[in-house]
Amino acid sequence: MQSNNNNFEELMIDYISGDISEADQQRLSELLKSSADFKTQFDEMIKIRALSFIPQIEAGKQKNYNHILERIKEDVPTKNMSRSWMHNLRQIAAIVILVISVSVSLFYIYRDITTPGDSSICYETIAPIGSQTKIILPDSTIVWLNSGSSLKYNQSYGKKNREVALSGEGYFVVFKNNKKQFTVHTGELDVNDVGTVFNVKAYKNEEEITVNLIEGAVAISLPDNKDAGMIIIKPDDRFIYNRITKKSESFQTNASRSALWTTGKLCFVDATIEQISKDLERRYNVKIQIANEQIKKELFSGSLNLNLSLKEILSYIDVDKKYRINQTGDTIMINIR
Amino acid sequence: MSIKEITEDLIIKISNSEEKAFSLLYDCYYTYLNTVALCYIFNKDVANEIVNDVFINVWHKRHTLSYPIHYYLIQSVKNGCLNYIRAQRTTERALSGHKKLLLDFQEEYILTNPTPLQYLETQEIEKEVRNAIAQLPEKCRIIFEQFLFFGKLPEEIAKEQLITVSTVRVQLKNATDKLKVSLSHLICILVLIVLY
């Protein structure tokens, strides 16, 4: 208690002088809360301190009075006039600002109604390599961006329609609104819906664009191939579009696995090591090279916890100790033993 | 100068724009109100500014003053301190939660302490305080005065006096302890003074 006491007084000295660290502020406010004794001490110290100032205050009294008189004399003759003038000025300023802001907002509202979709201001959110980002769009739609991805939408988002452009991988929980269609543009492929949960993977450096539907229904369209029309997919469907062959296919799968990355896990079903290494590259910001053609064809299933280190993950992949894994700088070489 | 000189007549004179009466009110209350403000605001310049605003306001509103004026003055100082602390909280919103807690505590303190110090006949007390400070051991007194009157930080005092910061702190604590003893009768007397 004694040491606590000393401590309290030191903390008070620092606090009164205005030079107190954040940690000490916390300690002081905890002490003050902890017992009424400290509050009494606080009270006593402050009063003693205030009393100690009396000689100094008395000494400056006359000088300060002159200062007050000066201020009063400065204020008095002009006071009434300047006050009312200032008052009027404030009112005028308020009206001017109101008129300007109303006309500016009317201009924007009108413009957005008449020219949908081409508002000039564009928002972009980027999830850098190695990190993930969660975005909440103006209509409460939630988007998780996987590492190395970006999402763009413009100012008119949510006014007449809801359009976003995705590069990379995103998991969408779209707020239901039957009147305003939600569209994800990926360049080659558009995903349209009105309120569902789905995952879109469209990294520019990968051959395939994958759409996994977890809930509801989405319609996929290919802007470059109008003949294909709308392809409707159902929950637990996976839709894959190949950028090179321009062919698409869809099949049943456990789609919710595709969204596991939002929880810090990676899940693979019959994935090649090449596909897995793409995900690992983005997550850990490394380059993975597979030196052997045979390894590239091997298929893996399972889930990986992305909180583990890359080394640990690679050792899980190589459970049979078939591979030789060498790391030089940011490049990892996988070869057969 | 005594508080008993503040009579209804004096207030009426102030209402009639008699500067001499105003000056008398100032003489009686200036030091006291500063001491009140210093119980709430630790920076003496800020405290003084708040008190000055109260006096200037009294003059501006002199036509509507009423007697007694004592609680009006104290309340005005308290409001000035509250406004300052609240403004500080708004401007320092980015600060940590603990700073906020301390500001909360201070605000609570202002609101719950009806009068921090009962009215004191400042001239008499001035002598006592001056003596009490003069009787502090020299080193201790110098450090205390540097800290209190010149608003220096413990670090600055340590550098000037060529001693460690912890020594400064210990000396400040000793000074406070000694003053607590030598001025304790004042605190007791203050409570016994009955106003009006």
Side-chain angles (χ1 to χ4, degrees), chain A residues 5-33 38-39 41-76 79-80 83, chain B residues 19 23 26-27 30-31 34-40 42-44 47-48 51-52 55-56 59-60 95-99 101-102 104-105 109 113 116-117 120 122-123 125-127 129-130 132-133 144 147-149 151-155 166 169-170 172-173 175-177 179-180 183 186-187 190:
Chain A
N5 250 335
N6 286 338
N7 205 342
F8 177 78
E9 285 177 340
E10 278 181 23
L11 289 173
M12 280 293 298
I13 287 170
D14 285 351
Y15 180 46
I16 288 170
S17 72
D19 183 40
I20 181 167
S21 73
E22 219 165 277
D24 284 349
Q25 283 178 28
Q26 179 174 12
R27 270 162 56 210
L28 181 60
S29 62
E30 275 164 9
L31 285 176
L32 283 171
K33 256 192 288 175
F38 285 127
K39 227 180 146 177
Q41 256 184 290
F42 176 90
D43 190 68
E44 234 177 31
M45 269 185 91
I46 280 176
K47 282 178 183 167
I48 288 284
R49 178 177 176 274
L51 284 175
S52 310
F53 270 108
I54 287 177
Q56 208 199 16
I57 298 166
E58 279 283 315
K61 199 169 169 180
Q62 194 50 49
K63 200 175 160 203
N64 188 70
Y65 184 66
N66 296 336
H67 172 67
I68 285 186
L69 282 188
E70 265 170 42
R71 271 183 64 186
I72 286 175
K73 282 184 182 128
E74 266 169 33
D75 279 8
V76 170
K79 189 197 134 210
N80 286 332
R83 272 275 170 88
Chain B
E19 199 199 297
S23 144
Y26 174 87
D27 270 355
Y30 173 69
T31 306
N34 248 298
T35 321
V36 170
L38 276 167
C39 290
Y40 300 135
F42 304 142
N43 181 316
K44 67 176 161 70
N48 188 43
V51 172
N52 283 354
F55 279 113
I56 288 167
W59 183 254
H60 284 158
L95 280 174
S96 71
H98 310 305
K99 176 82 184 182
L101 283 178
L102 282 174
D104 283 348
F105 177 83
Y109 182 78
N113 264 38
L117 299 158
L120 29 134
T122 45
Q123 269 84 355
I125 288 177
E126 193 222 325
K127 259 181 238 151
V129 174
R130 206 199 291 270
I133 293 175
F144 182 72
F147 178 72
L148 204 64
F149 301 150
K152 289 188 179 154
L153 296 178
E155 283 75 20
S166 60
R169 289 220 174 85
V170 170
L172 287 175
K173 186 185 131 34
T176 314
D177 285 348
L179 288 179
K180 223 187 268 179
L183 297 179
L186 280 183
I187 295 188
L190 295 179

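Convention: sequence-line order gives letters A, B, ...; per-chain numbering from 1. Basis for what follows: all heavy atoms, side chains included, without hydrogens, waters or symmetry-related copies.
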Out of curiosity, [X] [atom1] to [Y] [atom2], how far, rounded to the nearest 0.5 Å?
X	Y	atom1	atom2	result
Cys39(B)	Arg49(A)	SG	CZ	9.5 Å
Glu58(A)	Lys127(B)	CD	NZ	11.0 Å
Ile54(A)	Arg130(B)	CD1	CZ	11.0 Å

Looking only at heavy atoms, what is the nearest atom pair of [X] and [Y], with distance?
X	Y	value
Phe55(B)	Ile68(A)	CB-CD1, 3.8 Å
Lys61(A)	Thr31(B)	CD-OG1, 3.9 Å
Val129(B)	Pro55(A)	CG1-CD, 3.7 Å
Pro154(B)	Asp14(A)	CG-OD1, 4.2 Å

Could you go through the side chain to side chain contact (heavy atoms under 4.5 Å, CB included) check for Thr35(B) and Phe53(A) one step at a time?
CA-CA 7 Å; Thr35(B) 321; Phe53(A) 270 108; over 6 Å; no
Taking NZ, NE, NH1 and NH2 as the nitrogens, is one of them in Lys180(B) or Glu44(A) under 4.0 Å from a carboxylate oxygen of the other?
yes
Can you confirm whether Ile13(A) sits close enough to Phe147(B) that some side-chain heavy atom of one is under 4.5 Å from a side-chain heavy atom of the other?
yes
Is it the side chain or the backbone of Ser23(B) that comes within 4.5 Å of chain A heavy atoms, both, or neither?
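For Ser23(B), the contact with chain A is made by backbone and side chain together.
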Which portion of Glu155(B) sits near chain A, non-hydrogen atoms under 4.5 angstrom
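Side chain of Glu155(B) only, per the 4.5 Å heavy-atom cut-off to chain A.
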Can Arg169(B) and Glu9(A) be said to form a side chain to side chain contact (heavy atoms under 4.5 Å, CB included), step by step?
CA-CA 9 Å; Arg169(B) 289 220 174 85; Glu9(A) 285 177 340; over 6 Å; no
Between Leu69(A) and Glu19(B), is the side chain to side chain contact (heavy atoms under 4.5 Å, CB included) condition met? List the steps.
CA-CA 9 Å; Leu69(A) 282 188; Glu19(B) 199 199 297; 3.3 Å; yes
Contact winner vs chain A - [options], heavy-atom pairs under 4.5 Å:
options	answer
Asn52(B), Asp177(B), Ile133(B), Leu153(B)	Asn52(B)
Leu179(B), Leu38(B), Thr176(B), Asn34(B)	Leu38(B)
Leu172(B), Asn43(B), Val51(B), Val170(B)	Leu172(B)

For the residue pair Asn64(A) and Tyr26(B), confirm or rule out a side-chain donor-acceptor distance under 3.5 Å.
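Yes, side-chain donor-acceptor contact under 3.5 Å.
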So, using salt bridge (Lys or Arg N to Asp or Glu O under 4.0 Å) as the criterion, who are the partners of Lys152(B) when residues are at least two apart?
Glu160(B)
Arg27(A): partners by side chain to side chain contact (heavy atoms under 4.5 Å, CB included), with sequence neighbours left out:
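Arg27(A) satisfies side chain to side chain contact (heavy atoms under 4.5 Å, CB included) with Asn7(A), Leu11(A), Asp24(A) once adjacent residues are dropped.
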Give the ring-plane orientation class for Tyr15(A) versus Phe42(B), where under 30° counts as parallel, over 60° as perpendicular and anything between as tilted.
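Tyr15(A) and Phe42(B): perpendicular rings.
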